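What follows is one structure encoded as structure tokens, with my remarks underneath.
Chain letters run A, B, ... following the sequence lines, proteins first, then strands; residues in each count from 1. No experiment lies behind these values; they were computed from the predicted model shown.
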There are 2 protein chains.
Amino acid sequence: MTDKQGPQFRKMAIIGIGLIGSSIARAARQRGLVAEITCSARTQDTRRTALELGVVDEAFEHSIDAVKDADLVVFCTPVGTYGTIAEEIAPALKKGALVTDVGSVKQMVVEAIEPHIPDGVDFVAGHPISGTEKSGPAAGFAELFDNRWWIVTPSKKSTEVAVQKLTAFCEGLGSSVEKMEPPHHDLVLAITSHIPHLVAYNIVGTADDLEEVTQSEVIKYSAGGFRDFTRLAASDPTMWRDVFLHNKEAVLEMLARFSEDLTALQRAIRWGDGDALFQMFSRTRAIRRQIIDAGQETPEANFGRSASSDD
Amino acid sequence: MTDKQGPQFRKMAIIGIGLIGSSIARAARQRGLVAEITCSARTQDTRRTALELGVVDEAFEHSIDAVKDADLVVFCTPVGTYGTIAEEIAPALKKGALVTDVGSVKQMVVEAIEPHIPDGVDFVAGHPISGTEKSGPAAGFAELFDNRWWIVTPSKKSTEVAVQKLTAFCEGLGSSVEKMEPPHHDLVLAITSHIPHLVAYNIVGTADDLEEVTQSEVIKYSAGGFRDFTRLAASDPTMWRDVFLHNKEAVLEMLARFSEDLTALQRAIRWGDGDALFQMFSRTRAIRRQIIDAGQETPEANFGRSASSDD
């Protein structure tokens, strides 16, 4: 935690004011980490919503206008846009400013942004491990980062002072910070986030395509387990397209392992190998227990979700 | 709903008093559907817990003792045990009794139980589409079946009157009832429940086996999506072993489709086909919306789970 004497940054610019961007804006404002917040957003609708919600003080169509005089610049758009935006805003970045991002992949982000960062400007990439399946500025909330991890991945141009400044900011937002090499981040997130999303999108797609089972049946009987997957599969399509395009190698590696393991289970089912199935199904409970103990999951049955939507 | 004048069944026997069995006992008692409840359970520990919780009036080691004089007998053990138990209890079944079950597969259940049902005893198989990842009698609760579906699968020996009696009972427990052919049930549940569980067990297993990513990293960063899967993967291993052994064909068929679709996504990632990924990721949101509208899921972000386990 920072020893606060006024805000840590006078002016913060959020590039892309969706779920994450607007949550950072709300949390930073609520906790007094910044004095002034600007944002950029492509559509007028998003800019109007952000202003109406009081999440930002000013909203611009072009990122170059939003970053003017900013002491902290946070990229919150889909990672595929980073290179172009970095190039666009570079001339307008203030001396001494800190640039960071919240992208779900890191090696590619460093490669896309770092070359454009001018001398005298700091850059440290980062990734908050938090979110929901909702999108847009109205979906954000100030508590999104509480008790979550924020991975910071220093690269060539990251100074130790800049890393400390970003760490203090993330902690101020409610998170714990861990440093990691960008390629290792991409491998860890491939299994803890990217493959889970891919598998969720896939199973929902498979169910949608069946002829023998109607969509109405899939919906009615989804409480048998399927509905859990629909949450991740309701995530933002553009964001996730970019994640898979930009973390190709780690995702393909993890996917190959997942498929191998699934083939082994398939074989056990085909040959009626109950012992193999039982053994496999027995070792997974312990992991959930540890996630609960680590404060990253609710111990309540069914995620504590209400029994029905009309509760 | 039944027009109640006293309990629908005088005595109910629950064979296997785990999550589902104890929830039926609690709900039936609370709503006055039965006057007396017995159960059987293999371990003394389970019998003692069930008695201490006040969920049942009497608990027996052998099912044949529990079903004596029972007007309703409900199989709530893993489906692989059904044949042996049906054979054991057959001589003790009371004339006019109704026998049912809660197993997650139905064709095999009909084949395992029906041949043992004596003349003058009714049999109608069933499956409540509700549950949690917890196991044992202490995990049950009376509201488990509220606003959920209960699929009833009449077979050769099921009389229309018996189907109506079971329907009234399930409705009394809080569920809506739908009739289905046993093989169709098995196909529907393969995609809405069995494959989701298999995939969840599998991804948790894959993550557990990695060398490049530590288990501690998987746990810390599980909020990226992975933790959602650990809920289904924390389900009872014996129950799920039996489901896969006894719904082999439908599961293998759905698994083949799932794997085909996943291979197509893998190919799109390898070749950088962003349009295919975006298209696939765009059509899945609508399904979650429909599940929420159908009252089978909470509309709250992140399942409405508390932000941290210590909330």
Q: Identify which part of B:Ser130 has an atom lying under 4.5 Å from any heavy atom of chain A, answering side chain, backbone, both or neither.
A: neither

Q: Check whether any side-chain heavy atom of B:Thr238 sits under 4.5 Å from a side-chain heavy atom of A:Phe281, and report yes or no.
A: no

Q. When you look at B:Arg257 and B:Asp261, which way does the salt bridge (charged side-chain N to carboxylate O under 4.0 Å, His left out) test go after all the steps?
A. CA-CA 6 Å; B:Arg257 288 165 181 261; B:Asp261 293 344; over 6 Å; no

Q: Specify the closest pair of heavy atoms between B:Arg288 and A:Arg227, including all atoms of both residues, with the distance to one decimal.
A: NH1-O, 3.4 Å

Q. Can you say whether A:Glu260 sits under 4.5 Å from chain B via the side chain, the backbone, both, or neither, judging by heavy atoms?
A. neither

Q.
At a heavy-atom distance under 4.5 Å, which candidate from A:Leu144, A:Asp242, A:Leu210, A:Ile195 has the highest pair count against chain B?
A. A:Leu210

Q) What part of A:Leu198 lies closer than 4.5 angstrom to a heavy atom of chain B: side chain, backbone, both or neither? A) both

Q. So B:Lys134 and B:Asp236, salt bridge (charged side-chain N to carboxylate O under 4.0 Å, His left out) or not? Walk me through it.
A. CA-CA 8 Å; B:Lys134 315 269 180 179; B:Asp236 185 62; over 6 Å; no

**Q.** Minimum heavy-atom distance between B:Ala125 and B:Lys106, given as atom pair plus value
**A.** CB-CE, 3.5 Å

(Q) How about CD on A:Gln279, more than 12 heavy atoms from neighbouring residues, nucleotides or ligands closer than 6.0 Å, or not? (A) no

**Q.** Per-residue contact mode, A:Ile269 against chain B (heavy atom under 4.5 angstrom)
**A.** both

**Q.** B:His127 and B:Val102, any side-chain heavy atoms less than 4.5 Å apart
**A.** no

Q. Counting heavy-atom pairs under 4.5 Å to chain A, which of B:Ile219, B:Asp275, B:Leu255 comes out on top?
A. B:Ile219

Q. Who wins among A:Lys220, A:Lys248, A:Glu212, A:Glu133 for the most heavy-atom pairs under 4.5 Å with chain B?
A. A:Lys220

Q. Which bit of A:Phe303 comes within less than 4.5 Å of chain B, counting heavy atoms only: side chain, backbone, both or neither?
A. both

Q. What residue, out of A:Leu232, A:Val213, A:Asp228, has the most heavy-atom pairs lying under 4.5 Å from chain B?
A. A:Asp228

Q: Would you mind telling me which of B:Glu217, B:Gln266, B:Arg289 has the largest number of heavy-atom pairs within less than 4.5 Å of chain A?
A: B:Glu217

(Q) Under a 4.5 Å cutoff for heavy-atom pairs, which residue among B:Ser259, B:Gly224, B:Ser176 has the most contacts with chain A? (A) B:Gly224

Q. What part of A:Val251 is in contact with chain B, defined as an atom under 4.5 angstrom from a non-hydrogen atom: side chain, backbone, both or neither?
A. side chain

Q) Please walk me through it: do B:Arg285 and B:Gln290 pass side-chain contact (heavy atoms from CB on, under 4.5 Å)? A) CA-CA 9 Å; B:Arg285 254 186 187 176; B:Gln290 290 174 72; over 6 Å; no

(Q) Please classify the contact of A:Ile191 with chain B as side chain, backbone, both or neither, using a heavy-atom distance under 4.5 Å. (A) both

**Q.** chain B contacts, top residue of A:His197, A:Met280, A:Arg283, A:Glu300 (heavy-atom pairs, under 4.5 Å)
**A.** A:Arg283

Q.
Would you say that A:Thr153 contacts A:Ile151 through its side chain, given a criterion of any heavy-atom pair below 4.5 Å between the two side chains?
A. yes

Q. Non-hydrogen atoms of chain A under 4.5 Å away: do they reach the side chain of B:Ser235, the backbone, both or neither?
A. backbone

Q. If you tally heavy-atom pairs under 4.5 Å against chain A, which of B:Thr132, B:Leu277, B:Leu262, B:Asn202 wins?
A. B:Asn202

Q | Heavy-atom neighbours of A:Glu181 CD exceed 12 at 6.0 Å | A | no

Q) Is there a side-chain contact between B:Gln30 and B:Glu143 (heavy atoms, below 4.5 Å)? A) yes

(Q) Quick check for you: among A:Asp208, A:Leu189, A:Thr263, which has the greatest number of heavy-atom pairs under 4.5 Å with chain B? (A) A:Asp208

Q: Measure distances from A:Leu265 to the heavy atoms of chain B and classify the residue's part below 4.5 Å as side chain, backbone, both or neither.
A: side chain

Q. Looking at side-chain heavy atoms only, is the closest gap between B:Ser104 and B:Val79 below 4.5 Å?
A. no

Q) Relative to chain A, which of B:His246, B:His194, B:His184, B:Glu249 shows the most heavy atom pairs under 4.5 Å? A) B:His184

Q | Largest heavy-atom contact set with chain B, pairs under 4.5 Å, which of A:Gly225, A:Ala276, A:Ser282, A:Pro237 | A | A:Pro237

Q: Measure distances from A:Asp273 to the heavy atoms of chain B and classify the residue's part below 4.5 Å as side chain, backbone, both or neither.
A: backbone

Q.
Quick check on the interface: out of B:Trp240, B:Tyr221, B:Phe141, who has the most heavy-atom pairs with chain A under 4.5 Å?
A. B:Tyr221

Q) With a 6.0 Å cut-off on ring centres, are B:Tyr201 and B:Phe229 close enough? A) no

